[in-house]
2 protein chains.
Amino acid sequence: MARKKNATLNDIASTIGVAPMTVSRVVNGTGYVSEKTREKVLLAVKEMSYRRNGLARNLKRQKTDTVGLVLGDISNPYSTEIANAVRERLAARGYNLFICISEHSANEDIGAFESLVDHNIDGLIVATRSNQEGDERLRSIADSNLPVVVVGRDFHHSRVDFVSADNLRGGFEATQHLIDLGHRRIAFIGAGFESRSSLKRLQGYLNALEKHGIEIDERLITGRKESVSDVPGYSTEKIGYEGMKRLLSLPSPPTAVFARNDFTAVGAMSAIKDAGLSIPQDIAIVGFDDTPLASHMMPALTTVRQPMRLLGQLAAEMLLKRIAIEDELERDERVLDCELIVRGSSVATS
Amino acid sequence: MARKKNATLNDIASTIGVAPMTVSRVVNGTGYVSEKTREKVLLAVKEMSYRRNGLARNLKRQKTDTVGLVLGDISNPYSTEIANAVRERLAARGYNLFICISEHSANEDIGAFESLVDHNIDGLIVATRSNQEGDERLRSIADSNLPVVVVGRDFHHSRVDFVSADNLRGGFEATQHLIDLGHRRIAFIGAGFESRSSLKRLQGYLNALEKHGIEIDERLITGRKESVSDVPGYSTEKIGYEGMKRLLSLPSPPTAVFARNDFTAVGAMSAIKDAGLSIPQDIAIVGFDDTPLASHMMPALTTVRQPMRLLGQLAAEMLLKRIAIEDELERDERVLDCELIVRGSSVATS
DNA sequence: TGCTATTAAGTTAACGTTAACTTATTTTCT
DNA sequence: AGAAAATAAGTTAACGTTAACTTAATAGCA
């Protein structure tokens, strides 16, 4: 038996002998309908298990009450917290949220954009890492006047709002903290030196070193250039582990490490322990994000906390504002403070 | 300036003096179009930055090439791995994936179902925890002949396929492992005794105890009944911590703990350490899911690995099959093996 | 040369809904 | 009682697309 076709407004209307519009009124609770008719309609709706066709409805209404969110790394609590916060704020205002993942490539970014725009979402929030083709596509979407907000990444467009944590300052403070503890050979794990302009945390690290007159040693900046698409999930742990191994094999290894995020830090911690060294006595370590696991590590991980919920909330609000106000709007740009959370992995060891 | 309206096929067609259908043909690359016309159309499309209206298109085509995935706890790598696997498989077959989160309530489950169905998705994958109202709604969706697959949870419907890890067996083996190590007072953290029918892991635990003639002590089964909606993210860590505290305050505390998942286990580990006890000497512990952090704990956490990617892949394939074959299909049901990963948190301490 | 096949369009209608308007009936109020 | 207001519908057209069909011109071929 082939898939049975769903009943339409017309089907309902013709079986009970009213106009489709009347059924529409009942279903949507708008306009005038007599109690008698309403009941008749409701009965038929139930009987024929009618369900309105959202496509047709949205086509006619010219809006979908739906917002799209494109996430990069979905395995990261950073993303998921933002997603949750966004969803909550949107739900409170009657909007649905569709999430698309774009884990690996610019292609997938574009695919996600396309599929969301194809569904005529009312607005788009983007929290992926920046890349050229994706940005181009995004620019043309913004040009078409769809409300867009980007979170935690660079993107410049006069009609696109922007909200991010202050990664530059966060990276600076994390490094400064290690310097304050007396460290001079401080490594960075999670990206190569060439990422310094796009990765603010790395730039913050460099700034801190420079400020204190510590020479930058590129051998202490280690990441992985090749694609890591073969490693699903928290791939940054592996990068942290391998990066740390590499650092430990240097003629003069670092005494402290700033990792681009907590997962990288956790991987690095494992490598340090595997090498028979102890934290923070031999090597101090600082992460980024304050994921819940940071506080459960042994020793607990010093890290930089981002206000993820706030990021999500603000992003949602900026977008809702853009959706509500159809006029040209000033680009809104918010950079939120991070907070250094000092724990056992980086205490003074006189 | 109000939002400018997007150009339509008609706009393009009338400005260059062809029929809308011709433009449609060019845009979709179907049918016969002369090279000259094609170029003219393509130029206008670019000039007027035309973008097809997916709503209208899908309404006409009666399909969207889109699948919906409803996730419960998005903060859990279990969910995110499944999501990734599903997305990959679907993408390979030209389908888009829209993810909806339903973190807290039956209401949100239903909201997610509705918003996806409203967009006329071609199929639905559900990976939330079961609840009555949500299941009712899901049943009626399945009744309407929309292809549906559920992952990792109970749901019975003749047209709904099912794929899950063998949580019962996993729970059994985890507990059996602790028994084999000589433990007799084994606690379960993460749910109350009353969840035994819906939580297979707990049932597996109970079965193992029973098999070995160990009396079930309900005081050793601890969870949290109240809503945890105030705790975003990995809330189960908190449950683990608090549950463990409660267990340690018992007159005769357990010597081993089976936690419903790794996050709960990590929380419990912290509580054990905070109490000045050591793992596994004083208390052995086993988690579930083999999240990446499990291997990085100190000691590394023994846990039960679920084949998450496989779960996602199978779910996607089952759904695609249902979408492709419109005829009545036998309910497909797959239960996949888990694997016990023994690590430092549960070794023999003769 | 005539006949079929191919190419290149155009035309019509429908996907399922709702905004906007119209008509008819009932109620309310002075 | 009569006019204005409120209620209860129905009608029309459009949202933007494409499937299915038609028409017309050109190409291919025996």
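Below, chain A is the first sequence line, B the second, and so on; all start at residue 1.
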Quick one: label [X] by what it contacts on the DNA or RNA (base, sugar-phosphate, nothing), any heavy atom closer than 4.0 Å.
X: A:Arg52; value: sugar-phosphate
X: A:Thr30; value: nothing
X: A:Asn10; value: base

Indicate whether OP1 or OP2 belonging to [N] is found under 4.0 Å from a side-chain N or O atom of [X].
X: B:Thr22; N: C:dG10; result: yes
X: B:Arg61; N: D:dT18; result: no
X: A:Ser24; N: C:dT18; result: yes

Nearest-nucleotide comparison on DNA chain D, the residue closer to the 5′ end among A:Glu35 and A:Pro20: A:Glu35
Side-chain donor or acceptor of A:Thr64 paired with backbone N/O of A:Asn58 under 3.5 Å: no
Flag for B:Thr66-B:His119: side-chain donor and acceptor within less than 3.5 Å: no
Residue among A:Arg331, A:Lys321, A:Arg322 satisfying salt bridge (Lys or Arg N to Asp or Glu O under 4.0 Å) with A:Asp161: A:Arg322
Among C:dT18, C:dA9, D:dT17, the one nearest B:Val33 by side-chain distance: C:dA9
Nearest-nucleotide pick for B:Tyr32, side chain only, options being C:dG10, D:dG16, C:dA8: C:dA8
First of B:Gly17 and A:Met21 reached from the 5' end of DNA chain C, by closest nucleotide: B:Gly17
Carboxylate-amine/guanidinium contact B:Asp135 B:Arg153, below 4.0 Å: yes
Polar side-chain contact A:Lys60-D:dA14 base: donor and acceptor under 3.5 Å: yes
Side-chain-base donor-acceptor pair under 3.5 Å for B:Arg25 and C:dG10: yes
